[in-house]
K.L.:
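Just dropping this structure here.
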Number of protein chains: 2
Amino acid sequence: MISLSQSVGYAVLALAQMDPEGKTLVLASDIAEAANIPKPYLSKILARLQAAGIVEGKRGQGGGLRLTRTAAEITVYEVADAIEGPEWRCSCLLGIPGCSEGKPCPAHEYWGKARAEIVETLRAMTLDRVREFTEAGWKMPILS
Amino acid sequence: MISLSQSVGYAVLALAQMDPEGKTLVLASDIAEAANIPKPYLSKILARLQAAGIVEGKRGQGGGLRLTRTAAEITVYEVADAIEGPEWRCSCLLGIPGCSEGKPCPAHEYWGKARAEIVETLRAMTLDRVREFTEAGWKMPILS
DNA sequence: TCAAAAAATCACCTGAAGGTCAACTTTAAA
DNA sequence: TTTAAAGTTGACCTTCAGGTGATTTTTTGA
């Protein structure tokens, strides 16, 4: 499919719903509704983001979630790492098991360069840039 | 993971083991051994390649498999289509469900261009170019 | 015509991703 | 001090890719 997992997409959309300053707390159920993510599934995603130190949760009445840094300091690259693990940026384009520097596949050299550009793009893509999109009217479509 | 499925990789390696002229028949078991693919799994891959008209099988004693065109005329692009279906070349980089021209995600414009380059590269990658790699000593590593 | 050789097919197993549910813990307000 | 609000956790389900095994069908050569 040549793409990151759906969980990464959900994570990015969820984070874009939170206070970009990392101050005021937001409810998980509000995030779920705004980004149209099944609430129990969102919980699992938030758990991984917490394990990676990207968000913090506060329990109990008046609780909620917040970013540990500002939205300008968090990149989609980090989010992908938190959800998929760091292996996502060293995969073989053709999906050949055992493809490596020592045993390159026919696409290895090309993909090494192309993939590096993609990684750099995601490293430069911060959550506040994502927010520009979501605020400009982007809404998760309701899937039938 | 940003990559095609392992089945596509196996398909490419399997096709690279066949007669590039599409004349002499090769045994499925020989392909499986040469490319180090589990034989029953290879059968399923070959079935999809046959459904797509890329290979032909001849049953019975003295039978085997052959390409329907020469290796110079078959591209990795086609093979990916045959195995994954044509959707592999229109996926959203971030894995966001519902991302489209009408409702683009923050990476949509960038990924549209980057993906087009990848697709063009695979469309230019023919099986005889793959064979240059496999003949030059590339061997499927035995996975432990 | 019969047996061996070969591809084709079917059923099944396993693990991971996506998704759901219910129970549990923490906390602050009443 | 009770209780309701909130996040947290663990069990479970479904689907699909990856992988395996056994059976069936076709074909040819003996």
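Chain naming here is simple, since letters A, B, ... match the order of the sequence lines and numbering starts at 1 in each.
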K.L.:
Within the pair Q50(A) and dT8(D), is there a side-chain N or O less than 4.0 Å away from OP1 or OP2?
P.N.:
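Yes.
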K.L.:
Tell me: CG of D30(A) to P of dA5(D), nearest whole Å?
P.N.:
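It is 14 Å, rounded to the nearest whole Å.
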K.L.:
Whole angstroms only, please: what is the NZ-C1' distance between K39(A) and dA5(D)?
P.N.:
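That distance rounds to 11 Å.
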K.L.:
In whole angstroms, how far is the P atom of dT27(D) from the CD atom of E56(B)?
P.N.:
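Roughly 13 Å, once rounded to whole Å.
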K.L.:
When you measure from every atom of DNA chain D, which of residues 81-91 of chain A have a heavy atom less than 4.0 Å away?
P.N.:
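None - not one residue of the stretch has a heavy atom sitting under 4.0 Å from the strand.
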K.L.:
Verify the neighbour count for atom CD of E73(B): are there more than 12 heavy atoms of other residues, nucleotides or ligands below 6.0 Å?
P.N.:
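Yes - once you tally the heavy atoms of other residues, nucleotides and ligands closer than 6.0 Å, there are more than 12.
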K.L.:
Closest to the P38(B) side chain: dG18(C), dT20(D), dT27(D)?
P.N.:
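Closest nucleotide to the P38(B) side chain: dT20(D).
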K.L.:
Nearest to the side chain of Y10(A), which nucleotide is it out of dG19(D), dG7(D), dG19(C)?
P.N.:
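Nearest to the side chain of Y10(A) among the choices is dG19(C).
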K.L.:
Just how far, in rounded Å, is P of dA8(C) from OH of Y41(B)?
P.N.:
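One finds 18 Å between P of dA8(C) and OH of Y41(B), rounded.
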K.L.:
Taking all non-hydrogen atoms of both residues, which atom of L25(B) and which atom of G63(B) are closest, and how far apart?
P.N.:
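Between these two residues, the closest heavy atoms are CD1-C, 4.0 Å.
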K.L.:
Hey, does G57(B) reach any base, or is it just sugar-phosphate, or nothing, if we go heavy atoms under 4.0 Å?
P.N.:
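Sugar-phosphate only.
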K.L.:
Would you say Q6(A) reaches dG19(C)'s phosphate, i.e. side-chain N/O to OP1/OP2 under 4.0 Å?
P.N.:
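Yes, Q6(A) has a side-chain N/O under 4.0 Å of OP1/OP2 on dG19(C).
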K.L.:
Applying a 4.0 Å non-hydrogen cut-off, can you work out what P40(A) is touching in the nucleic acid: base, sugar-phosphate, or nothing?
P.N.:
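Touches a base.
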K.L.:
Taking atom CZ as the centre, does R129(B) end up with more than 12 heavy-atom neighbours from other residues, nucleotides or ligands that are less than 6.0 angstrom away?
P.N.:
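No - once you tally the heavy atoms of other residues, nucleotides and ligands closer than 6.0 Å, there are 12 at most.
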K.L.:
What is the nucleic acid contact for L27(B), judged by heavy atoms within less than 4.0 Å: base, sugar-phosphate only, or nothing?
P.N.:
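Sugar-phosphate: the residue L27(B), judged by heavy atoms under 4.0 Å, touches backbone atoms but no base.
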K.L.:
Measure from the side chain of S5(A), starting at C-beta and using heavy atoms only, and say which of dG18(C), dA5(D), dT8(D) lies closest.
P.N.:
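Nearest to the side-chain atoms of S5(A), counting from C-beta on, is dG18(C).
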K.L.:
What's the closest nucleotide to the K44(B) side chain, out of dG18(C), dG19(D), dG7(D)?
P.N.:
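Of the candidates, dG19(D) comes closest.
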K.L.:
Contact class for V26(B) vs. all strands (heavy atom < 4.0 Å): base, sugar-phosphate, or nothing?
P.N.:
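Sugar-phosphate, no base atom in range.
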K.L.:
Is S43(A) close enough to dT9(D) that one of its side-chain N or O atoms is under 4.0 Å from OP1 or OP2 there?
P.N.:
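It does not, given that no N or O in the side chain of S43(A) lies less than 4.0 Å from OP1 or OP2 of dT9(D).
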K.L.:
Take the protein atom CZ of R66(A) and the nucleotide atom P of dA6(D), then report the distance between them rounded to whole Å.
P.N.:
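The answer, rounded to whole Å, is 18 Å.
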K.L.:
Whole angstrom is fine here: how far is it from CD1 in I31(A) over to P in dA6(D)?
P.N.:
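Atom CD1 in I31(A) sits about 13 Å away from atom P in dA6(D).
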K.L.:
Side chain of R59(A) only, heavy atoms from C-beta on: which candidate in dG18(D), dA7(C), dT27(C) is closest?
P.N.:
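In terms of side-chain proximity for R59(A), the closest of dG18(D), dA7(C), dT27(C) is dT27(C).
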K.L.:
Of G60(A) and L46(A), whose closest DNA chain D nucleotide lies nearer the 5' terminus?
P.N.:
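Nearest-nucleotide comparison on DNA chain D picks G60(A).
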K.L.:
Check the distance between dA17(C)'s P and L4(A)'s CG and give it to me in whole angstrom.
P.N.:
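For the pair L4(A) CG and dA17(C) P, the rounded distance is 13 Å.
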K.L.:
Salt bridge check: are E78(B) and R69(B) linked by an N-O gap of less than 4.0 Å?
P.N.:
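Yes, E78(B) and R69(B) are salt-bridged.
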